[in-house]
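Written out below as structure tokens is the structure these notes cover.
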Amino acid sequence: VASFFILSGCRGSYLGDSFPWYDPSIPFEDRVNLLVSNMTLDELIPQMIKESPAIPRLGLPAYSYWCEAAHGIAGSGRATVFPASIGRAAAFDVELEKATGRVIALEGAAKHSDYLNAHNNTSIDAYAITYYAPVVNIARTPTWGRTQESYGESVALSSQLGSAYVQGIQALSEPVPPYNNTYQLGSAMAKHFIAYDIESALINGTFDNQYRLEFDANVSIADLYQTYAPAFKALVDANVSTVMCSYNAVNGTPMCASPLIKSLLRDEFGFEGAVWSDGGAVNYIYQRHHYTADAPTAAAASLNAGIDLNSGGKGSHFGYLSLNESVARGLVTVSQLRVAVSRLMTLRMKLGMFDPPSLVPNRQLTTATTVDTPAHRALAREYATKSLVLLKNHDSTLPLSSTNVASIAVVGPNGNSTSVLLSNYAGCRAPFGGPIDPTCNLVSVLAGVEANAPSGVSVGFEPGCHLNVSDAKMAEAAVQLAAASDITVAVMGLSTSNAESLAVFEAEAHDRLSLGLPVAQAELLQQLCATASNRLILVLLNGGPISLSAEQIRCADSIIEAFYPGEEGGNALADVLFGIVSPSGRLPYTMYQAGAVLTPRLSLKMEDHPGQTFRYYGDDPAYGFGFGLGYTSFAYSNLTLSSNTLSATDALVVTVDVSNTGLEFAADELVQVYVGYLEQATNRGCQSIPLYELKAFKKLAAVLPQESRHVSLVIQVADLALVDSKCEVSVLPGRYQLHVGGRSPSMGVYQPIQPLLVATVVVG
């Protein structure tokens with residue numbers, strides 16, 4: 001170490017007198033090389049697990065890398081809780097997602113800084129600033145328990161929102177004098193690489209809720225490049241700091257030992273950051289996949305694939321603690337360990353962990369002045385409001401006003417629930433469905449309606465049933481309240497907690513058992529429909545799509561899909577119910593008809609009959625991807641293209657006029673452009689051509705009544721690339737059809753007619 005004093009120049013800056021890797025005048029890369037080259041084998045290996053210990057002789061403090069941040073900082077008390085990712089996807093708002101990522105990172109940095117100051121510069125789980133988000137897996141199957149954590153079915157939407165979240169989380173500081181270093185606010189993680197969308201399964205008559213740990217996904221070249229990989233490529237282009245390899249295998253090889261980490265992620269996509277395993281995934285390489293014989297061979301397979309950090313719980317989850325034996329057997333080299341640890345130390349350098357706190361902006365933040373502030377809550381409310389999707393509004397039942405409503409009955413098991421506002425890994429809640437922090441202010445639907453109802457409007461509440469347990473007395477009380485009220489708001493849906501019934505449960509390690517409304521709630525809804533003479537508004541709180549029956553859709557005058565809307569969910573719903581805001585959310589997934597035949601859920605082949613997601617589904621859904629109503633109407637006209645004949649290197653500019661044809665409400669409108677390839681291949685080979693795909697969208701804010709806007713959207717022809725018959729990715733020559741409007745070409749059987757503008761281009 002003494003020789004390092006000379007290298008550091010004795011600048012006297014934050015441990016720099018003793019350890020040059022703490023000298024902010026030295027470039028990050030040089031400091032990392034100095035630090036890692038000075039570590040012994042026994043010091044290197046523990047740095048490659050989630051709970052990396054201190055190395056006192058090198059001045060390196062302990063650091064735990066785990067902090068969940070799917071829609072708020074989880075597991076460390078009060079935090080702003082935004083809508084679940086699937087709800088935020090429904091807003092289709094890239095700038096709002098970026099702002100949300102930044103708020104989450106600011107709050108995480110404040111918690112991290114306060115914890116370090118109070119605990120001698122040592123971090124633990126949930127107080128890290130290395131975040132395990134976002135999830136950019138495509139919600140292929142509607143029963144997936146983690147649909148709520150995803151951005152839905154669209155590759156383009158997942159790519160753009162995921163990239164925006166990364167940019168918000170990883171916002172760079174301005175250069176800080178005197179050394180002019182810049183620091184990331186936090187680090188984001190693209191997960192789960194790759195083709196991960198199965199949690200559980202019924203195998204040989206037994207329900208295995210952890211089938212994901214051994215599932216082998218059979219993935220074609222076409223599906224890999226057209227569905228499962230593009231969002232990860234987009235996040236790499238957005239400079240995401242870390243990527244998590246998934247539990248499942250792909251085509252016979254566990255992903256945390258897969259050559260795809262190097263060939264696709266690093267070599268083809270150009271990823272230079274750190275790759276982490278999912279929790280315990282290194283051990284599952286031999287314990288569940290039986291791909292290797294023991295822990296040392298599993299650890300070697302993972303390190304050889306390019307996995308830098310073994311994430312997971314304590315003790316036996318850390319297969320990398322057997323890397324000593326892997327080295328002794330000649331399965332890996334010490335130089336490989338140094339490469340992995342260098343990536344991890346580089347990340348910590350970029351986050352300011354090796355520089356004086358006075359130079360690092362995120363170390364100046366405090367929980368008291370940063371977490372769940374009025375401004376942050378206002379953003380959560382805005383996002384929740386914009387995420388609400390109005391699916392039906394018969395005879396303009398909504399919005400409500402004191403002129404046509406004197407009394408409101410809120411009924412349903414989710415009506416006064418605060419836990420249902422929260423999705424997986426929510427702020428204010430301990431991980432894995434743990435208790436809610438009592439200091440959090442979560443606004444239930446009932447509380448929101450009561451607080452925002454017009455003066456003179458009375459509000460009553462009866463739950464009517466439990467989530468999936470009927471109760472005759474509860475149902476009778478709810479029906480009586482509904483009959484005595486002008487409006488009934490029935491708040492139903494699912495849960496991320498299995499405390500009551502697996503039939504309503506959706507979460508990590510638990511896929512849904514069915515798509516319908518839980519039986520007890522369906523029975524209550526039937527009673528309300530049969531007895532209530534007033535108007536009925538059905539509000540759904542859930543992650544994955546619920547398939548309503550034709551009778552359930554018929555009996556509701558209005559239907560709102562609210563997802564898991566976060567801490568301001570009740571206020572957001574009230575904003576829409578009472579016409580403060582016109583709803584502008586659009587479905588980020590397909591809502592299938594009740595009883596619809598779907599592709600077997602363990603098949604990852606997108607075109608398997610009847611086709612998966614709106615991109616391949618050949619039947620009529622109940623409500624199609626991209627659909628949603630508002631309190632006004634929009635008309636599209638004057639569609640023009642920059643050219644009708646294009647080359648693979650061109651950019652296509654699509655312009656259209658969008659007009660608010662209503663007389664009363666200003667409203668947001670989502671302009672959507674879908675593209676489908678029209679040619680039929682004589683030799684399909686590797687091809688799997690989607691029906692159409694979302695290729696461009698733009699959210700127009702607050703379009704005034706009778707206002708028209710001239711909108712331009714740009715599509716790079718290179719982004720139309722598909723896998724050709726020879727298994728190569730290319731822009732196929734021929735005709736492409738464009739659909740432009742306020743919905744997708746996937747027309748649900750319960751949707752009102754909304755015309756689309758259509759045009760054709762030829763790519764030579």
Side-chain angles (χ1 to χ4, degrees), residues 83 87-96 378-405 408 445 448-449 451-454 457 487 489 535 537-540 556-563 565-566 568-588 623-624 626-636 657-672 697-709 711 741-744 748 750-755:
R88 304 201 308 275
F92 283 76
D93 196 319
V94 173
E95 290 305 313
L96 199 52
L379 186 67
R381 182 170 180 166
E382 178 187 1
Y383 218 155
T385 302
K386 291 185 175 182
S387 74
L388 302 178
V389 182
L390 181 61
L391 297 173
K392 180 182 178 182
N393 197 24
H394 175 67
D395 207 18
S396 297
T397 296
L398 294 175
L400 307 177
S401 71
S402 58
T403 60
N404 59 12
V405 175
I408 299 173
V445 171
V449 172
N452 295 277
V457 175
I487 284 285
V489 179
R535 289 166 290 169
I537 301 165
L538 175 61
V539 177
L540 299 174
D557 294 281
S558 297
I559 302 174
I560 297 175
E561 172 58 72
F563 308 99
E568 287 286 337
N571 285 328
L573 182 64
D575 287 341
V576 166
L577 291 177
F578 299 120
I580 306 302
V581 177
S582 175
S584 61
R586 301 294 183 261
L587 285 177
Y623 295 102
F627 170 71
L629 300 171
Y631 295 154
T632 188
S633 57
F634 285 87
Y636 287 72
D657 292 335
V658 181
S659 303
N660 181 346
T661 59
L663 299 174
E664 184 176 357
F665 286 94
D668 295 353
E669 171 68 351
L670 179 69
V671 183
Q672 306 170 51
F697 61 90
K698 181 173 290 188
K699 195 73 173 281
L700 306 183
V703 184
L704 299 175
Q706 299 298 298
E707 179 188 2
S708 294
R709 294 189 188 176
V711 182
R743 64 171 177 86
S744 74
Y750 302 110
Q751 293 177 211
I753 295 175
Q754 296 171 307

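- Closest non-hydrogen pair, Asp557 versus Lys392, comes out as O-CG, 3.7 Å.
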Please report, to 0.1 Å, the donor-acceptor pairs under 3.5 Å made by any side chain of residues 576-583, with sequence neighbours excluded.
unit_1: Ser582; atom_1: OG; unit_2: Tyr631; atom_2: N; d: 2.9

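- Using a 4.0 Å cut-off between charged side-chain N and carboxylate O, Arg381 and Asp575 make a salt bridge.
- Contact record, Ser387 with Ala384: OG-O, 2.7 Å, taken as the closest heavy-atom pair.
- In summary, Glu669 and Arg586 engage in a salt bridge, as defined by a charged side-chain N under 4.0 Å from a carboxylate O.
- Looking at every heavy atom in both residues, Leu573 comes nearest to Leu388 through CA-CD1, 3.7 Å.
- The aromatic rings of Tyr623 and Tyr750 lie tilted to each other, with the angle between the two planes from 30° to 60°.
- Inter-residue side-chain proximity for Leu704 and Gln706 is flagged as unmet; no heavy-atom pair is nearer than 4.5 Å.
- With hydrogens and angles ignored, the 3.5 Å screen pairs no side-chain donor or acceptor of Asp395 with any backbone N or O of Thr397.
- Across all non-hydrogen atoms, the minimal contact from Val389 to Phe563 is CG2-CE1, 3.9 Å.
- Rounding to the nearest 0.5 Å places CZ of Arg743 at 13.5 Å from CG of Leu670.
- How far CG of Leu96 is from CD of Glu382: 5.0 Å, rounded to the nearest 0.5 Å.
- When the options Asn404, Val457, Ile537 are evaluated for a side chain to side chain contact (heavy atoms under 4.5 Å, CB included) with Ile487, the one that passes is Ile537.
- Residues Val489 and Val449 have side chains not in contact (no heavy-atom distance under 4.5 Å, counting atoms from C-beta outward).
- When all heavy atoms are compared, the tightest approach of Val658 to Phe634 is CG1-CD2, 3.9 Å.
- Between Asp668 and Ser584, the shortest heavy-atom contact is CB-CB, 3.7 Å.
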Test side-chain hydrogen bond (donor to acceptor under 3.5 Å, both in side chains) on Thr661 and Ser659; report intermediate values, then the result. CA-CA 6 Å; Thr661 59; Ser659 303; over 6 Å; no

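- Among Leu540, Leu398, Leu629, the single residue meeting the side chain to side chain contact (heavy atoms under 4.5 Å, CB included) criterion with Ile560 is Leu398.
- Checking side-chain atoms of Arg88 against main-chain N and O of Pro83 turns up a donor-acceptor pair under 3.5 Å.
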